[in-house]
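Along the sequence shown, the residues carry numbers beginning at 1.
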Amino acid sequence: MEREKVQPCVRVAGPIIVGGGPSGLATAACLAARGFPSLVLERSNCIASLWQLKSYDRLRLHLPKRYCELPMMPFPAALPAYPSKEEFVAYLESYAAAFGVCPVLGEAVESAEYDEASTLWRVSTSSAEGNREYVSRWLVAATGENAEEVIPEIGGLSDFQGTVAHTSRYRSGEEYRGKKVLVVGCGNSGMEVCLDLCDSGARPAIVVRDTVHVLPRGALGWSTFGLSMWLLRWLPVQAVDRLLLLLARLLLGDTAHLGLRRPKVGPLELKAASGKTPILDIGTLSKIKSGHVQKQCCVGLQVFPALKRMTAKGAEFVDGRTEEFDAVILATGYRSNVPSWLKERVFSERDGLPRRPFPNGWKGERGLYAVGFTKRGLLGASLDAQRVAQDIERCWNSEIGQ
């Protein structure tokens, strides 16, 4: 009889952290600062793989650096207010080195479940070296909201004869120079990709299916986000929203006639309720205005409503218009993949986020934690990481005392 292969089992003294992005690094650093070890597992061959492997060349932080720094380590003063992706990755590498965080790279988590008999978490992984199992008293899900690409079902997409790519594979507009490109999705990434395409000599159009808030990235020497945070110290959300919309109207004009209708709920109230982030304009709106004036769109950017279906040569839209395109870029975002590997049903199958609403989603039962699922960016991940480290320290000291 063939002997059954025994899977190596590794006992981890501290928490197992799944994910080597900003959330996982921040959690490990906060634990290290309190004197506790941890093991960070990362499926890619580098930290911050979303930034290093799946982002476009011109990407910069959408918010000022002071709101994107991880706990206990500010950005270097010499960096610009909105660091590039290379500068941000360099910051993360310096951060990991400063706190002695050394993720195990190329180790993909296949499953994680709680073992009632041993009261430990069992995490099974696969790598080029084979399968392995790790066990620990604590488990931290830190793969974040952007682990897997969202590819929507679009009728006729398989019949389209041009190229189709998700923004995770988009690097530069240079490869689309002279081509007519349809960008599906109008978040910050979709808008920035359109700007990059325009600047690179492509002829882009964008699908805007829903209502959307467009705000200036900054005004009067303030970032819009920073101004919002300051105003929220003194005013309720609805009042701050009214001021932001007044500012947007003064600086950007009425966007409805451009095909960008605003929601009835204000930008901050909508963000808190649904997690939908307003667009911070960095120049795309001027391209849309150019495309609106010049109907043939020799320059500028056209806006289309929702897609009805793709055709062999282009697309048909819900308003009856048809247009030919050479390529389609899906700026349709990402989602969490935690339900695919975590056996406990504490994350929603629908969106992959913790079932407990913010701000209580960071803590589960029996030593399970979640970092980076607040829909509040790096600032939210940093707050989660600090809460988790504090709670594990309390638990650790309590169990040692017993």
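When only modelled atom types and interatomic distance are considered, Ser49 and Lys54 share no side-chain donor-acceptor pair under 3.5 Å. Of the N and O atoms on the side chains of Ser118 and Asp115, at least one donor lies less than 3.5 Å from an acceptor on the other residue. Between the side chains of Glu149 and Ser168, a donor-acceptor pair is found at a separation under 3.5 Å. Glu107 and Tyr134 are linked by a side-chain donor-acceptor pair at a separation below 3.5 angstrom, with hydrogens and angles left out of the test. Using modelled atom types and a 3.5 Å distance limit, the side chains of Tyr114 and Glu365 yield no donor-acceptor pair.
In this structure, Ser200 contributes its side chain and Ala202 its backbone to no donor-acceptor pair below 3.5 Å. For Thr224 (side chain) and Arg217 (main-chain N/O), a donor-acceptor pair under 3.5 Å exists by modelled atom type. A donor-acceptor contact shorter than 3.5 Å is absent between the side chain of Ser44 and the backbone of Cys46. Checked by atom type and distance alone, the side chain of Glu87 pairs as donor or acceptor with a backbone atom of Ser84 at under 3.5 Å. For Tyr95 (side chain) and Pro71 (main-chain N/O), a donor-acceptor pair under 3.5 Å exists by modelled atom type. In this structure, the side chain of Thr211 does not engage the main chain of Arg261 through any donor-acceptor pair within 3.5 Å. Remark: the backbone N or O of Tyr82 is paired with a side-chain donor or acceptor of Arg60 at under 3.5 angstrom. Between the side chain of Thr255 and the backbone N or O of Leu260, at least one donor-acceptor pair lies under 3.5 Å. Remark: the backbone N or O of Thr374 is paired with a side-chain donor or acceptor of Arg376 at under 3.5 angstrom. Side-chain atoms of Arg262 never come within 3.5 Å of backbone atoms of Pro267 as a donor-acceptor pair (strictly under, hydrogens ignored).
Annotation: Lys313, atom NZ; neighbour count of heavy atoms from other residues, nucleotides and ligands within 6.0 Å does not exceed 12. Counted within 6.0 Å of NZ on Lys85, heavy atoms from surrounding residues, nucleotides or ligands total more than 12; the atom is thus considered enclosed. Other residues, nucleotides and ligands contribute more than 12 heavy atoms inside 6.0 Å of the CZ atom of Arg34. More than 12 heavy atoms of other residues, nucleotides or ligands shown are found within 6.0 angstrom of CZ on Arg177. Environment of CZ in Arg169: sparse, with no more than 12 heavy atoms of neighbouring residues, nucleotides or ligands closer than 6.0 Å.
For Lys65, the side chain to side chain donor-acceptor pair (under 3.5 Å) criterion is met by no residue, not counting sequence neighbours. The ring-ring contact (aromatic ring centres under 6.0 Å, His included) test applied to Phe325 returns no partner, not counting sequence neighbours. Every residue two or more places apart in sequence or in another chain that forms a side chain to side chain contact (heavy atoms under 4.5 Å, CB included) with Thr167 is listed here: Val193, Ile329, Ala331, Tyr334. Shown here are the side chain to side chain contact (heavy atoms under 4.5 Å, CB included) partners of Glu145, two or more places apart in sequence or in another chain: Leu353, Phe373, Lys375. Contacts of Tyr170 classified as ring-ring contact (aromatic ring centres under 6.0 Å, His included), with partners at least two apart in sequence or in another chain: Tyr176. Legend: residues meeting ring-ring contact (aromatic ring centres under 6.0 Å, His included) with Phe358, ordered by chain and number and at least two apart, are absent.
Under 4.0 Å is where a charged nitrogen must lie from a carboxylate oxygen, and between Lys363 and Asp391 at least one such pair does. Comment: Arg171 does not engage Asp57 in a salt bridge, judged by the lack of any side-chain N to carboxylate O separation of less than 4.0 angstrom. Under a 4.0 Å N-O distance rule, the pair Glu116/Arg366 qualifies as a salt bridge. Electrostatic pairing of Glu323 and Lys180 counts as a salt bridge here, judged by a charged N lying under 4.0 Å from a carboxylate O.
Side-chain contact between Val184 and Leu182 is present, with at least one heavy-atom pair separated by less than 4.5 Å. Two residues are said to be in side-chain contact when any heavy atoms from C-beta on lie closer than 4.5 Å; Ser228 and Leu268 meet this criterion. Taking 4.5 Å as the limit, every side-chain heavy atom of Phe160 sits out of range of all side-chain heavy atoms of Thr311. No side-chain heavy atom of Pro339 sits less than 4.5 Å from a side-chain heavy atom of Arg345. Using a 4.5 Å cut-off on side-chain heavy atoms (C-beta onward), Arg249 and Asp254 make contact. Taking the side chain as every heavy atom from C-beta outward, Val18 and Arg43 never approach each other to under 4.5 Å. Looking at heavy atoms from C-beta onward, Leu243 lies in side-chain contact with Leu235 at the 4.5 angstrom threshold. You'll find the side chain of Arg209 stays beyond 4.5 Å of the side chain of Leu307, heavy atoms only.
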*Any chance you could lay out the side-chain contact (heavy atoms from CB on, under 4.5 Å) test for Val123 and Trp341, step after step, and finish with the verdict?*
CA-CA 9 Å; Val123 179; Trp341 55 265; over 6 Å; no

*Step by step, would you call Met191 with Ile206 a side-chain contact (heavy atoms from CB on, under 4.5 Å)?*
CA-CA 8 Å; Met191 287 291 199; Ile206 188 169; 4.0 Å; yes

_Asp199 vs Lys287, salt bridge (charged side-chain N to carboxylate O under 4.0 Å, His left out): CA-CA, chis, key distance, verdict_ = CA-CA 10 Å; Asp199 291 344; Lys287 302 294 185 182; 3.6 Å; yes

*Begin with the C-alpha distance, continue with both residues' side-chain angles, and end with the deciding distance and a verdict on side-chain contact (heavy atoms from CB on, under 4.5 Å) for Leu25 and Ile17.*
CA-CA 9 Å; Leu25 298 179; Ile17 301 172; over 6 Å; no

*Evaluate the side-chain hydrogen bond (donor to acceptor under 3.5 Å, both in side chains) criterion for residues Glu316 and Thr322: first the C-alpha distance (whole Å), next the side-chain angles of each, then the deciding distance (0.1 Å), finally the verdict.*
CA-CA 4 Å; Glu316 181 180 346; Thr322 60; over 6 Å; no

_For a side-chain contact (heavy atoms from CB on, under 4.5 Å) check, start with the C-alpha distance between Leu197 and Val183, then their side-chain angles and the critical distance, and finish with the verdict._
CA-CA 10 Å; Leu197 288 166; Val183 177; 3.8 Å; yes

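Partner Thr284 forms a side chain to side chain contact (heavy atoms under 4.5 Å, CB included) with one of Ile279, Leu195, Asn188, Val214 and no other, that one being Leu195.
Across every non-hydrogen atom of Glu133 and Ser124, the tightest pair is OE2-OG, 4.1 Å. The minimum heavy-atom distance between Leu330 and Pro152, with the atom names listed, is CD1-CD, 4.5 Å. Scanning all heavy atoms of the two residues, the minimum distance from Gly19 to Glu42 falls at C-OE1, 3.8 Å. Closest heavy-atom contact between Pro204 and Leu301: O-CD1, 3.4 Å. The minimum heavy-atom distance linking Asp384 with Gly372 is given by the pair OD2-N, 3.4 Å. Across every non-hydrogen atom of Val303 and Gly259, the tightest pair is CG1-O, 4.0 Å.
Residues Trp138 and Tyr369 keep their aromatic ring centres 6.0 Å or farther apart.
Atom-to-atom distance recorded for Asp241:CG and Gln238:CD is 7.0 Å, nearest 0.5 angstrom. Once rounded to the nearest 0.5 Å, the distance linking CD1 of Ile16 with OG of Ser136 reads 4.5 Å.
The aromatic rings of Trp230 and Trp234 sit perpendicular, their planes meeting at an angle over 60°, well past the 30° parallel limit.
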